[in-house]
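Each remark here refers to the structure printed beneath this line.
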Amino acid sequence: MASPGKLGTFRLPPLPTIREIIKLFGLRAVKQLSQNFLLDLRLTDKIVRKAGNLADVYVYEVGPGPGGITRSILNANIAELVVVEKDTRFIPGLQMLSDAAPGKLRIVHGDVLTYKIEKAFPDHVRRQWEDDPPNVHIIGNLPFSVSTPLIIKWLENISLKDGPFVYGRTKMTLTFQKEVAERLVATTGSQQRSRLSIMAQYLCNVEHLFTIPGKAFVPKPEVDVGVVHFTPLIQPKIKQPFKLVEKVVQNVFQFRRKYCHRGLGMLFPEAQRLESTGRLLELADVDPTLRPTHLSLMHFKSLCDVYRRMCDEDPQLFTYNFRDELKRKRRKSQEKEDGMGSCES
């Protein structure tokens with residue numbers, strides 16, 4: 001018998017295989033939702049094992065589908081598992097798992113992009129940000145269509161210490177297309193270096209744990225899948241608001257094959273672009289002829305710090321969007337042409 005305050009080792013009873021569950025409930029992956037099922041329990045066990053010791057941990061699983069990873073999590077002696085599934089077709093199969101694991105599995109029919117996980121787990125698991133990570137872990141085989149917007153959302157949550165990170169520095173173990181996984185961990189100078197590299201690495205330690213071949217999934221995607229682990233940093237490497245960092249990084253990488261001054265220039269209205277871009281680069285001590293992929297986190301820190309000072313000097317600068325200026329110019333040009341046309345007629 002388990003000692004007081006300790007959970008005994010739990011194992012699921014014999015259950016139909018994931019393949020049998022799919023057949024039993026007539027489940028099919030929906031291509032438009034970029035759904036791919038992982039049926040090999042050796043691989044789902046590996047994902048959970050690589051996440052670390054989950055004994056007595058509260059786990060939040062996103063996109064459980066037919067429940068392959070769910071089974072592996074339940075067998076890891078967790079305290080409780082909350083799964084959020086948008087597709088109603090998967091609920092009966094998950095309910096079967098819930099019945100087999102009384103008090104362990106809570107099923108939420110909802111959208112991971114809007115679900116309030118901060119209310120899901122007891123207050124006693126919360127930790128101070130400076131402490132070790134809490135006994136809370138996010139695990140998910142993410143549909144490709146939501147993986148990037150979801151990780152950007154969670155990275156912003158990390159910067160604000162809200163959402164899943166009200167509990168502290170909640171760890172995450174997630175799947176992405178291999179190309180996205182490589183971008184997330186890409187180092188300075190690598191071809192995969194991108195907006196995602198900077199946004200993830202300035203807030204987290206990011207590790208590409210292993211790659212799952214596409215043939216392991218049903219239906220087989222055209223790409224392999226990378227399993228990525230995130231641990232939020234105690235101190236971000238860029239101490240500026242998330243939206244400001246995101247704006248600088250997005251502008252730099254929208255012209256990834258050009259020199260970095262090209263994208264940075266788009267932070268400023270056309271009338272002051274040349275002068276302000278030069279000032280930004282000079283004060284940040286960044287070589288204007290560096291390519292975006294060759295900018296380090298320290299480069300981005302300097303650029304964001306200087307841009308913040310420039311925004312403080314001119315409060316309208318942060319809201320400036322060069323695309324809006326382009327649209328206004330085109331609209332004026334079109335109105336001028338229309339006016340000339342009406343005069344001629």
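Basis for what follows: all heavy atoms, side chains included, without hydrogens, waters or symmetry-related copies. The shown structure was predicted, so the numbers you read here are calculated from the model rather than taken from an experiment.
With hydrogens and angles ignored, the 3.5 Å screen pairs a side-chain donor or acceptor of T170 with a backbone N or O of P164. The closest donor-acceptor contact from the side chain of R127 to the backbone of H124 lies under 3.5 Å. Side chain of T44 to main chain of L41: a donor-acceptor pair is present (N/O by atom type, distance under 3.5 Å, no hydrogens or angles). Although no hydrogens or angles enter the test, the distance criterion places no donor-acceptor pair under 3.5 Å between the side chain of S190 and the main chain of A186. Between the R169 side chain and the D131 main chain, a donor and an acceptor come within less than 3.5 Å of each other. A donor-acceptor pair is defined here as one N or O able to donate and one able to accept, closer than 3.5 Å; no such pair exists between the side chain of R279 and the backbone of M310. Judged by distance alone, with hydrogens and angles left aside, the side-chain atoms of Y167 form a donor-acceptor pair with the main-chain N or O of E118 at under 3.5 Å. Remark: side-chain polar atoms of R195 are not paired, donor with acceptor, to backbone N or O of Q250 under 3.5 angstrom.
T231 and N205 share no side-chain donor-acceptor pair at under 3.5 Å. A donor-acceptor pair shorter than 3.5 Å can be found between the side chains of T188 and R193. In this structure, a donor-acceptor pair under 3.5 Å is present between the side chains of T70 and E61. Side chain to side chain, H299 and S302 fail the donor-acceptor criterion of an N or O pair below 3.5 Å.
Smallest separation of non-hydrogen atoms from P292 and R256: CD-O, 3.3 Å. When every heavy atom of R323 is checked against every heavy atom of N321, the shortest pair comes out as N-OD1, 2.8 Å. Minimum heavy-atom separation, H208 to V185: N-CG1, 3.6 Å. In this structure, L97 and R71 approach most closely via the heavy-atom pair CD2-CG, 3.7 Å. Here the shortest heavy-atom pairing between C204 and I158 reads SG-CD1, 3.5 Å. The heavy-atom pair separating L184 from V206 by the smallest distance is O-CG1, 4.0 Å.
F255 and V245 fall into different hydrophobic clusters, where Ile, Leu, Val, Met, Phe, Trp and Tyr are joined by side-chain heavy atoms under 4.5 Å apart, directly or via other members. When the side chains of ILVMFWY residues are joined at heavy-atom separations under 4.5 Å, either directly or via intervening members, V252 and F322 end up in two distinct hydrophobic clusters. V112 and V166 fall within a single hydrophobic cluster, where Ile, Leu, Val, Met, Phe, Trp and Tyr are joined by side-chain heavy atoms under 4.5 Å apart, directly or via other members. Both L209 and V223 are part of a single hydrophobic cluster, where members link through side-chain heavy atoms under 4.5 Å apart. When hydrophobic clusters are built by joining Ile, Leu, Val, Met, Phe, Trp and Tyr residues whose side-chain heavy atoms come closer than 4.5 Å, directly or via intermediates, I139 is grouped together with F210.
Taking OH from Y115 and CG from L113, the interatomic distance works out to 14.0 Å, rounded to the nearest 0.5 Å. Considering CD1 of I78 and NE2 of H137, their distance stands at 12.5 Å, rounded to 0.5 Å. Separation of atoms CG (L150) and CG (L155) is listed at 9.5 Å; rounding is to 0.5 Å. Between the CG atom in L54 and the CZ atom in R49 there is a gap of 11.5 Å [rounded to 0.5 Å]. Between the CD1 atom in I198 and the CG atom in L203 there is a gap of 11.5 Å [rounded to 0.5 Å]. The line from CG of D314 to CZ of R309 is 15.0 Å long, rounded to the nearest 0.5 Å.
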Next on the checklist: Using the rule given for side-chain contact (heavy atoms from CB on, under 4.5 Å), can you reason through F144 versus V180, listing the C-alpha separation, both sets of side-chain angles and the distance that settles it, and then say yes or no?
Outcome noted: CA-CA 10 Å; F144 296 158; V180 176; over 6 Å; no

Checklist entry - So E179 and R183, salt bridge (charged side-chain N to carboxylate O under 4.0 Å, His left out) or not? Walk me through it. => result CA-CA 6 Å; E179 181 183 344; R183 286 181 195 158; 2.4 Å; yes

Checklist entry - Step by step, would you call N141 with I47 a side-chain contact (heavy atoms from CB on, under 4.5 Å)? => result CA-CA 9 Å; N141 175 29; I47 291 171; 5.9 Å; no

Checklist entry - For R308 and D312, what are the C-alpha separation, side-chain angles and deciding distance, and is it a salt bridge (charged side-chain N to carboxylate O under 4.0 Å, His left out)? => result CA-CA 6 Å; R308 170 65 183 270; D312 289 343; 3.4 Å; yes

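Side chains of P64 and I69 form no contact here, defined as non-hydrogen atoms less than 4.5 Å apart. For the pair F242/L160, no side-chain contact is recorded, criterion being any heavy-atom separation below 4.5 Å from C-beta on.
Other residues, nucleotides and ligands place no more than 12 heavy atoms under 6.0 Å from the CD atom of Q128. Taking a 6.0 Å sphere around NZ of K50, one finds it holds 12 or fewer heavy atoms contributed by other residues, nucleotides or ligands. D285 CG: 12 or fewer foreign heavy atoms inside a 6.0 Å radius.
Using cut-offs of 30° and 60° for the angle between ring planes, the W154 and Y60 rings count as perpendicular. Using bins of under 30°, 30° to 60° and over 60° for the plane-to-plane angle, the ring pair F165/W129 lands in the perpendicular bin. Using a 30° and 60° split on the angle between ring planes, F318 and Y307 fall in the tilted class, from 30° to 60°.
Tested against L303, the residues L280, L283, L267 include a single side-chain contact (heavy atoms from CB on, under 4.5 Å) partner, L280.
For the pair K301 and Y202, the cation-pi test (distance below 6.0 Å, angle within 45°) is failed.
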